[in-house]
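Structure first, commentary second.
Numbered from 1 within each chain, the chains take letters A, B, ... in sequence-line order.
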Amino acid sequence: NQSPLPPGSLPAIPSLPLLRALRVRAPGSQAWQAGPASGQPLRYMLNLYRRAADRDGRPRRGHSLGTNTIRLVQASAHEGQPWAGRWYVQPLTYRLESQPKAEHLLRATVVYLPSLPLLRSHLLCTLELAATSKTPGALLSPATRPRHGWAEADVTPYLMPGNGSMGSLVLRHVCVHAGRARGHDALVAPSHPFLLLYLNDTRAGLAPPVAEPHRHRR
Amino acid sequence: DTGTLAHDLPSYLREQGGEKSDCSLRPFPISFAQLGWDHWIIAPHRYNPRYCKGICPRLLRYDYHAPNHAVVQSFVHQLVDANVPRPSCVPYRYSPISVLMIERDGGILYKEYENMIAESCTCR
């Protein structure tokens with residue numbers, strides 16, 4: 001006797017993973033009207049998506065990402081003037097406020113552009129990870145020129161539990177150091193590195209196909 | 001009498017419009033905009049969940065993957081009481097879909113959801 005739900009409307013507590021995610025994590029249509037995500041992070045994720053799935057969204061065989069969930073977290077920059085002459089120094093923090101319980105962290109990487117071509121020069125960048133109580137500090141710089149320009153470095157040991165709600169994560173004291181190699185281009189800030197969390201969602205996970213129970217021929 | 005049933009099969013198929021009305025997988029391409037989710041899911045651009053439709057024949061072929069109970073229910077419908085419905089034509093096997101989503105906090109999420117595309121049908 002119930003009238004059909006209009007498109008997009010959902011029950012209060014959906015039990016299916018897709019609908020629960022839609023209810024809890026999806027932006028409202030007003031947020032979308034404010035402007036879709038754009039820029040380098042979106043471009044990176046679209047490339048990752050095209051490698052992992054075909055045009056119909058079917059996961060490609062042999063191109064597995066090794067997990068069923070990858071979350072991109074953008075940095076929040078600290079206040080202050082990052083430019084000093086030809087040098088750029090920007091401390092960053094990454095926060096994920098509420099990590100769903102069913103999503104188990106496998107590893108975390110930071111993705112950055114070590115070299116940004118400008119009109120008459122290059123901006124060369126490295127990342128500095130501050131030491132924690134368990135891990136020494138590190139300076140990240142790829143040994144070879146990375147394919148597609150992006151470099152990815154494992155920062156799992158540097159990820160700490162956040163102070164906020166249960167399941168929150170934080171990566172503090174990541175510092176971008178960049179310098180113009182030569183020339184006198186205008187001050188173009190490097191795009192901020194972003195954090196990728198490789199997660200295993202035990203609800204929507206890539207469980208191996210259930211073996212078909214043996215049945216006798218009829 | 002299995003001999004009679006087998007003899008019935010051609011006329012049964014004619015009566016139901018032949019194999020075209022048999023339980024089978026049908027395409028149904030949609031967009032996430034039609035579902036009202038296009039502000040959230042940005043890839044893929046097209047989605048074909050497909051669906052199963054059609055009559056479950058009196059004699060269930062092996063490729064329907066029907067359990068023994070479905071065979072018995074089919075016989076009950078045909079031979080004992082038509083109020084007991086014929087087995088239903090429903091999806092049997094599914095494949096997952098990968099989606100790219102935008103979240104409220106501006107994050108971007110890649111996720112694989114299981115059982116999003118019907119791959120074959122059965123009579124249950």
Show the numbers, then the answer: is there a side chain to side chain contact (heavy atoms under 4.5 Å, CB included) between L109(B) and T69(A)? CA-CA 7 Å; L109(B) 183 64; T69(A) 303; 3.7 Å; yes
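Heavy-atom distances place no part of L196(A) under 4.5 Å from chain B, backbone and side chain included.
Separation of atoms CG (D201(A)) and NZ (K111(B)) is listed at 3.5 Å; rounding is to 0.5 Å. A distance of 11.0 Å separates CZ of R43(A) from CD1 of I108(B), quoted to the nearest 0.5 Å. Of the inter-residue distances, the one linking L72(A) atom CG with E103(B) atom CD reads 9.5 Å to the nearest 0.5 angstrom. Distance check: R58(A) CZ to I97(B) CD1 gives 8.5 Å after rounding to the nearest 0.5 Å.
In this view, Y110(B) and S98(B), E112(B) satisfy the side-chain hydrogen bond (donor to acceptor under 3.5 Å, both in side chains) rule, not counting sequence neighbours. In this view, C52(B) and C121(B) satisfy the disulfide bond (SG atoms under 2.5 Å apart) rule, not counting sequence neighbours.
Counting non-hydrogen atoms of other residues, nucleotides and ligands closer than 6.0 Å to CZ of F28(B) gives a total of 12 or fewer.
Using a 4.5 Å cut-off on side-chain heavy atoms (C-beta onward), L48(A) and L100(B) make no contact. Side chains of D56(A) and N48(B) form no contact here, defined as non-hydrogen atoms less than 4.5 Å apart.
Considering every non-hydrogen atom in both Y49(A) and P44(B), the closest pair reads OH-CD, 3.1 Å. When all heavy atoms are compared, the tightest approach of I42(B) to L42(A) is CD1-CD1, 3.4 Å.
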